[in-house]
Structures are given as structure tokens and as C-alpha cells.
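Keep in mind that what you see is a predicted model, and the values were worked out from it rather than measured.
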Amino acid sequence: MHVEFRDRCIALAGLFQAVRLVQQTARGERRDAAATAACLGSIFNTDPETTLGVYGNLTSLRPGLETLVGQLGSDSVQRDMELTGYAITLLHLERKLSRQPEMLRALGDGIGKISAQTEFFDQSHPTVVAALAELYSSTISTLQPRIMVKGEQSILTGTDSRNMIRALLLGGMRAAVLWRQCGGNRVQLLFRRKALLRDCSELLEEARRES
């Protein structure tokens, strides 16, 4: 597999892992702790040596790869249009964000300040998650269209779950930025689905062997 294609698959898997975690949170379903940690941790990993280094290893991206393979496959039963909608909206918002230098600076400064908290708290600690959620609300959430997350109303109105959803969406934006940095674009999603599916399936098999 060409290195560029591999990197794009990793970024796309990171995106779909984030939106799947958002969906699970909103529905009150159990989240994979390692997958959650990898998604939140990616926000702070702004200068990695490799694309995979953003997430640590393929094992931590396995849920995202599994989701992505299901979305790209020909079996319509496995496809989840809600997840596709979240992912496409994040990619669209990333393009808008890339043209907002002041917002990009605010994000960078905010992530730097929150990163200092991770010296004392785990990246999944409610204090860190709340700070990430606030950063998302003051930046990306001001762009249009806003992502309207579906789920149980009692969960969506809860402070902890609402914060986690916003923090995970920030992780999704990190993956969207990574996708563009790796040369990803809408044309590939529309017309290179089979090639993406092949490469992502290879990465998933590799992740399963590592587990």
C-alpha cells in the first residue's frame, strides 16, 4: 500500500471513530475506553512524526477502521447515514475553518492551555473534557452548518455527556484536518471508494493482528 493512501485511510478512520463515539455517547451506549482516549489524545498530538503517531497505533484505531469499512462497503445494511452525515459535515466545516486564521490561532492557543492540564489529569478526565467542549463551542460550533447530534434527549441535556460529545467532535475535526493534510479530498470519497475500501480493509486486518 502506498504511504499516502495508508495515511489517508488512517485519517479517515480517525474521523469515523470520532463520529461513532459521538453517536454512542448520544445514545447512551458503551464507548470503547481506548478508542475514546485515542480520539481525545489526537487533539493534543499536533506535531507527530507520522500520521499514525497521531493515534498511537492501529489497535487504538480498530473501531474506526471497522466503522469505515462498513461505511465504504457495498452492503447497505452496514451503512449508517447518520454517521456519514456527521463525517461529511465535519469535512465541510474543516474547509471553512482553514479560511479562518483567527479561529485557527484561537484553537491552537486553547489546545496549548488545555494540554497543560493533562500534566495533572488524564485526557479523558471530566475537567479536560469540559475544557475541550468549551473550546469547541467557542470556535467550531460558531461555524455553519452546526452539527445537530441525534440521541436520547435526557442524555443530550446532561452536562457530562454534552461535554464529551463536543470534545469528541473536536477530535473529529482533528481527523478532518489530518485528512486534508494527507491529500484527501471529496473527489476521492466519491470516486475512489473501492480503492479506499481495499486499503482500509488491509489496515483493519493489520490492526486485528496487532490486537
Side-chain angles (χ1 to χ4, degrees), residues 1-26 35 38-39 42-43 45-46 48 50-55 58 60-100 103-104 107 136 139-141 143-150 165-166 168-208:
M1 188 192 309
H2 194 280
V3 173
E4 287 184 358
F5 295 153
R6 177 185 174 91
D7 288 346
R8 288 170 197 164
C9 286
I10 288 170
L12 209 55
L15 175 60
F16 275 90
Q17 181 154 304
V19 296
R20 178 67 178 122
L21 290 167
V22 165
Q23 184 184 65
Q24 288 173 329
T25 304
C39 180
S42 70
I43 299 169
N45 203 338
T46 56
T50 64
T51 301
L52 182 57
V54 173
Y55 298 99
L58 283 179
S60 64
L61 265 184
R62 179 173 169 175
L65 287 165
E66 289 174 340
T67 301
L68 180 55
V69 168
Q71 293 293 101
L72 291 173
S74 57
D75 186 355
S76 59
V77 176
Q78 292 191 53
R79 287 200 203 126
D80 187 326
M81 296 312 295
E82 182 181 303
L83 291 180
T84 299
Y86 294 155
I88 289 175
T89 303
L90 276 168
L91 290 172
H92 180 64
L93 290 174
E94 190 279 328
R95 296 305 301 158
K96 287 193 170 185
L97 176 63
S98 68
R99 298 189 289 270
Q100 300 269 357
M103 188 175 291
L104 283 169
L107 274 168
Y136 175 86
T139 54
I140 297 164
S141 189
L143 300 173
Q144 295 295 328
R146 294 185 64 181
I147 297 178
M148 305 303 293
V149 175
K150 300 175 183 178
I165 286 169
R166 289 171 177 168
L168 291 169
L169 285 173
L170 189 58
M173 180 57 73
R174 171 70 179 106
V177 170
L178 193 62
W179 162 255
R180 180 173 56 82
Q181 289 173 336
C182 293
N185 55 55
R186 290 179 63 186
V187 172
Q188 292 165 19
L189 290 175
L190 291 171
F191 301 110
R192 297 292 306 278
R193 288 177 66 92
K194 288 185 178 180
L196 281 169
L197 176 59
R198 180 196 63 230
D199 293 344
C200 291
S201 295
E202 288 181 18
L203 281 176
L204 178 56
E205 288 304 311
E206 190 177 334
R208 286 170 174 165

Looking at side-chain heavy atoms only, is the closest gap between Leu91 and Arg186 below 4.5 Å?
-> no
When rounded to the nearest 0.5 angstrom, what distance separates CZ in Phe5 from CD in Glu202?
-> 11.5 Å
Looking only at atom types and distance, does a side-chain atom of Arg79 sit under 3.5 Å from a main-chain N or O of Gly73, one as donor and one as acceptor?
-> yes
Does Tyr55 offer a backbone N or O that forms a donor-acceptor pair with the side chain of Ser60 under 3.5 Å?
-> yes
Roughly how far, to the nearest 0.5 Å, is OG1 of Thr46 from CG of Leu178?
-> 11.5 Å
Heavy-atom pair of closest approach, residues Met103 and Ile140 | SD-N, 4.2 Å
Considering residues, nucleotides and ligands other than Arg146, do more than 12 of their heavy atoms fall under 6.0 Å from its CZ?
-> no
Verify the distance criterion only: is there a donor paired with an acceptor across the side chains of Gln17 and Arg20 at less than 3.5 Å?
-> no
Have a look at Ile43 and tell me which of Leu107, Leu170, Leu168, Val54 forms a side chain to side chain contact (heavy atoms under 4.5 Å, CB included) with it.
-> Leu170
Cys182 and Thr51 have their tightest heavy-atom pair at SG-OG1, 3.8 Å
Rounded to the nearest 0.5 Å, what's the gap from CG on Leu93 to CD on Gln100? Could you check?
-> 11.0 Å
Salt bridge (Lys or Arg N to Asp or Glu O under 4.0 Å) pairs touching residues 10-19, sequence neighbours excluded, are none
State the CG-CG distance between Leu203 and Leu52, to the nearest 0.5 angstrom.
-> 8.5 Å
Pair Glu82 + Lys150: basic N to acidic O under 4.0 Å | no
Test item: Arg174 side-chain N/O and Ser42 main-chain N/O as donor-acceptor pair under 3.5 Å = yes
Smallest separation among heavy atoms of Ala26 and Val149, with atom names | CB-CG1, 3.7 Å
State, yes or no, whether a side-chain contact exists between Trp179 and Leu90 at a heavy-atom distance under 4.5 Å.
-> no
Heavy-atom pair of closest approach, residues Ala87 and Phe16 | CB-CZ, 3.7 Å
Side chains of Arg8 and Asp199: does their closest heavy-atom pair fall under 4.5 Å?
-> no
Where Met148 and Tyr86 come nearest, the two heavy atoms and their spacing = O-CE2, 3.7 Å
Heavy-atom check, side chain of Leu12 versus side chain of Leu189, under 4.5 Å = yes
Minimal non-hydrogen separation, Asn45 against Gly53, with atom names = ND2-O, 2.7 Å
What distance do Arg6 atom CZ and Cys9 atom SG have between them, rounded to the nearest 0.5 Å?
-> 9.5 Å
Evaluate whether atom CZ of Arg208 has more than 12 neighbouring non-hydrogen atoms of other residues, nucleotides or ligands under 6.0 angstrom away.
-> yes
Is it true that atom CZ of Arg180 has more than 12 heavy atoms of other residues, nucleotides or ligands lying nearer than 6.0 Å?
-> yes
So, does Asn185 use its side chain to make a donor-acceptor pair with the main chain of Gln188 at under 3.5 Å?
-> yes
Thr89 OG1 to Glu94 CD distance, which is reported to the nearest 0.5 Å = 13.5 Å
